[in-house]
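For reference, the structure discussed in these notes is given below.
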4 protein chains.
Amino acid sequence: MQPVPRGPRGQGWMSKVSARPGETVAGPEGQDSEKRRQILDGAREVFRAKGYEGAAMDAIAKAAGVSKGTLYVYFTNKDELFEELITDEKRELAAALDAFEPTEGSFRDNLRAFAISFNELLTGENHMSSIRMVVGAVEKFPAVGAMFFRAGAERGTTRLTEAFARAIEDGRLKPCDPAVAAQHFIALCTSEVMKKSLFGCGLRPTPEGVERIVDNGLDVFMAYYGRT
Amino acid sequence: MQPVPRGPRGQGWMSKVSARPGETVAGPEGQDSEKRRQILDGAREVFRAKGYEGAAMDAIAKAAGVSKGTLYVYFTNKDELFEELITDEKRELAAALDAFEPTEGSFRDNLRAFAISFNELLTGENHMSSIRMVVGAVEKFPAVGAMFFRAGAERGTTRLTEAFARAIEDGRLKPCDPAVAAQHFIALCTSEVMKKSLFGCGLRPTPEGVERIVDNGLDVFMAYYGRT
Amino acid sequence: MQPVPRGPRGQGWMSKVSARPGETVAGPEGQDSEKRRQILDGAREVFRAKGYEGAAMDAIAKAAGVSKGTLYVYFTNKDELFEELITDEKRELAAALDAFEPTEGSFRDNLRAFAISFNELLTGENHMSSIRMVVGAVEKFPAVGAMFFRAGAERGTTRLTEAFARAIEDGRLKPCDPAVAAQHFIALCTSEVMKKSLFGCGLRPTPEGVERIVDNGLDVFMAYYGRT
Amino acid sequence: MQPVPRGPRGQGWMSKVSARPGETVAGPEGQDSEKRRQILDGAREVFRAKGYEGAAMDAIAKAAGVSKGTLYVYFTNKDELFEELITDEKRELAAALDAFEPTEGSFRDNLRAFAISFNELLTGENHMSSIRMVVGAVEKFPAVGAMFFRAGAERGTTRLTEAFARAIEDGRLKPCDPAVAAQHFIALCTSEVMKKSLFGCGLRPTPEGVERIVDNGLDVFMAYYGRT
DNA sequence: GATGAATGAGGGTTCATTCAT
DNA sequence: TATGAATGAACCCTCATTCAT
């Protein structure tokens, strides 16, 4: 997709994003100490497995390999730990999304590669656990849900929208609302896999299964949006 | 869509389902006493609002208007109460899905009406709370997630698949895999709204918003699947 | 003091007070169950020994012979338990004060008996513990301090003031402000003992010691307030 | 009161006391470094406000402007810090008491001035906080209570006793036990104000209020102890 | 059958104390 | 010497569950 390296930026359709805008956080020595990361890792593990309410600070401390007291040196309380963790996850998700690079090949080939990568990202068991953890906590942490959505689904759509806008200019897509096209593309290529994963229903699809789904979706997508 | 009652089943494209296949339950006097229902209603309210872990049996008893002890007369423990509740929810969801009836009008009009109804069902705040509750508990109750998925998304797809199969026979859709078509249809018309609701992101879409989304989706769908 | 049983009330200089005005309290079956009392007794013991902050709910539960959970069935939290306890203590203190009855004998004899009883009441180790417990908590529970003061010192002074007012009418005391006289009387006869007890300084005075202190105080008091 | 510097001691009725008899302490560089004082000041502030149990070492460190670790360089543990603080307070109290100087004027005028000053000292909010702090901790630190009592009430009484003994010699007071007279004097002039302050009951008395109390007390005192 | 009092394990959090730097 | 990160015991409180009535 968009192999035309127009402009001096010399990059395809997505640019790296500089994560870590630097938040003020509790805890000693700056904001990103070894211990802090250690705790976040333990917390991620337990929160993913048990959800917000089900996760015990005791279990988190154990998983992180620190004492319970140390948890409270770095994070004010359970809520803050959870929110920081989500922020962290969100950052990783955004970074992963931004890492996609266009490959050599046709427009459809590029879309295909993106869709497959996106599916893999979304359905990775780690990521699904995070999503379930967030969804399960939306009622208590509404802001967290919105934040995560924006970092994930929305960000992916936005990146795609930009790419589609350029593709329309280039005549690779027929004139249309690129945002709607992006949503349709993602819906056709990912929603089936997403839904099943969300409910923990069935195993992860095989690579071949994903490819088939993506190809089917692309057929429908290109039938409408492709340049006749 | 397909108002022709062809064949011996004599109904349109969806038949009512007889809910309540009758499970064995712990409660007294059969399986569905007044009290039992009362408890399930209270439990639904609290589980939806707080999730599985966040819901206290105390709060459920209060919401149900019974004593805490009575809870344990009808349900072995919290887990069972939760599972029974999901079973119950699932039943209602299935019943609602089965209640869709074809209207007079074109094939596209029928699809449109179905999509709009489906969207409304999915994004009703009650239903979204249930979904979030289930998703949040998938890690602890894997079976519950699968059950819910089958009763909801999958059941909807299945109904649609049947209808599409007939539509292909009728020549209203071009020859294709009706199951894939059903997935694409649902993806195009519902996934955007679903995703946002799932993350509690933004208000519910307006009726006009839903119509626009459905119309956009139908355009894409019909461009590929429609009879030339 | 005031042996003249004037009026139909037929009682001496103090009337019984009806304690227990009936407060609304948490806990099952009314407000004065067996368990409730049991808990208050345990709490009294521990709070007296350790003060508010030093008392652990665990220790209170143990002292009361109930489980920790039961504490919270009867009292909302530690604060409320403490306050209810003080209210309770206050009630007992007031009742004890009101129980003093005039004896046969001279005015001075009656005063003497009252002072001795009062000293005993004040310096009983139980009561001193309560006072220390209250004083130590004044900074956190200002209302509790005031309440206790009114139930104790102030109530004693008030009763005495009434009696002195009648004594002035009767000509048993020279004309003066009876409230000031009451304060002076109590100061002369009790403050020395009080102060020492408050600081846990030295053993309790012997009965003879108390008598000597009271007699000394009475000499001074009568020299000024006595009828010529 | 007795401005006549009769006798070899050559002072009025009270002599300055040399505070700081020099105890062995844990801290570095002697016993009274800057840091040590800084810590004691922070500790005083927090202990007064929260009592022994309620005071957190963390809060003390913050109030003192040192790190928590430093606390343990100068004091073995919380108990010792508390005890040292009381010792310190006691010293200041004694010094304040010893600072009273007889003024020109009649015996009664001198007594009056002393009583007023004494009241002010006792009821200063700082001092009352200290007293409450000590009283609240008597059960855990019996020695501390006694120490404080001796430094305060008893020391005041002793000084007065000495003065009264001389006054009796001088014929300014009638022959009596000067110690009992001292107790009576203090009781009459200070106990009312003391009691109320102890229980945090009501505002501090106005200067006029104190004067009235003192005058009333003096009337009674002089009626008995004064030279006809 | 229905109740609600009672339980005790376990929840999140605080805090006096230690120790490597 | 002075620090502050780290600890774990103990704090107050909640909650799923039981049981006598």
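Numbered from 1 within each chain, the chains take letters A, B, ... in sequence-line order.
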Does C:K50 offer a backbone N or O that forms a donor-acceptor pair with the side chain of D:E139 under 3.5 Å?
->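 Answer holds: no.
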Would you say the side-chain atoms of D:R44 pair up with the backbone N or O of D:L85, donor to acceptor, closer than 3.5 Å?
->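 Not a single qualifying donor-acceptor pair exists.
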Return the value, rounded to whole Å, for the distance between atom [atom1] of [X] and atom [atom2] of [N].
X: A:Q38; N: F:dA6; atom1: CD; atom2: C1'; result: 12 Å
X: B:R36; N: E:dA2; atom1: CZ; atom2: C1'; result: 17 Å
X: D:I60; N: E:dT14; atom1: CD1; atom2: P; result: 17 Å
X: B:L71; N: E:dG1; atom1: CG; atom2: P; result: 15 Å
X: B:K62; N: E:dT3; atom1: NZ; atom2: C1'; result: 15 Å

Give the intermediate values and the outcome of salt bridge (charged side-chain N to carboxylate O under 4.0 Å, His left out) for residues D:D88 and D:R37.
-> CA-CA 10 Å; D:D88 201 69; D:R37 179 121 309 273; 3.2 Å; yes
Please lay out, stage by stage, how A:K140 and A:E53 fare under the test salt bridge (charged side-chain N to carboxylate O under 4.0 Å, His left out).
-> CA-CA 10 Å; A:K140 187 177 165 68; A:E53 302 278 3; 5.0 Å; no
Using OP1 and OP2 only, check whether a side-chain N or O of [X] sits under 4.0 Å from [N].
X: A:Y74; N: F:dA6; answer: yes
X: A:S67; N: F:dA6; answer: no
X: B:K35; N: E:dG1; answer: no

Minimum heavy-atom distance between A:G145 and A:V134, given as atom pair plus value =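 Residues A:G145 and A:V134, closest heavy atoms: CA-CG1, 3.9 Å.
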Provide the closest heavy-atom pair for A:I60 versus A:L71 in the form atom of the first, atom of the second, distance.
->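 That would be CG2-CD2, 4.2 Å.
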Using the ring of D:F47 (Phe, Tyr or Trp, six-membered ring only), decide whether D:K78 places NZ or CZ under 6.0 Å from its centre and within 45 degrees of its axis.
->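 Here D:K78 fails the 6.0 Å and 45° test against D:F47.
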Pairwise side-chain contact, B:F199 with A:M147, heavy-atom cut-off 4.5 Å (strictly under) |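 No, their side chains stay 4.5 Å or more apart.
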Decide yes or no for A:F148 and A:V135: does some side-chain heavy atom of the first lie under 4.5 Å from some side-chain heavy atom of the second?
->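 No. Closest side-chain heavy atoms not under 4.5 Å.
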Going 5' to 3' through nucleotides 13-21 of chain F and flagging B where a protein heavy-atom sits under 4.0 Å of the base, S where only the sugar-phosphate is that close, and - otherwise, we get BB-BBB---
Involving DNA chain F, stems made of at least three consecutive Watson-Crick or G-U pairs, both distances under 3.5 Å =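 When the pairs of DNA chain F are grouped into runs of at least three, the stems are E:2-21 with F:2-21.
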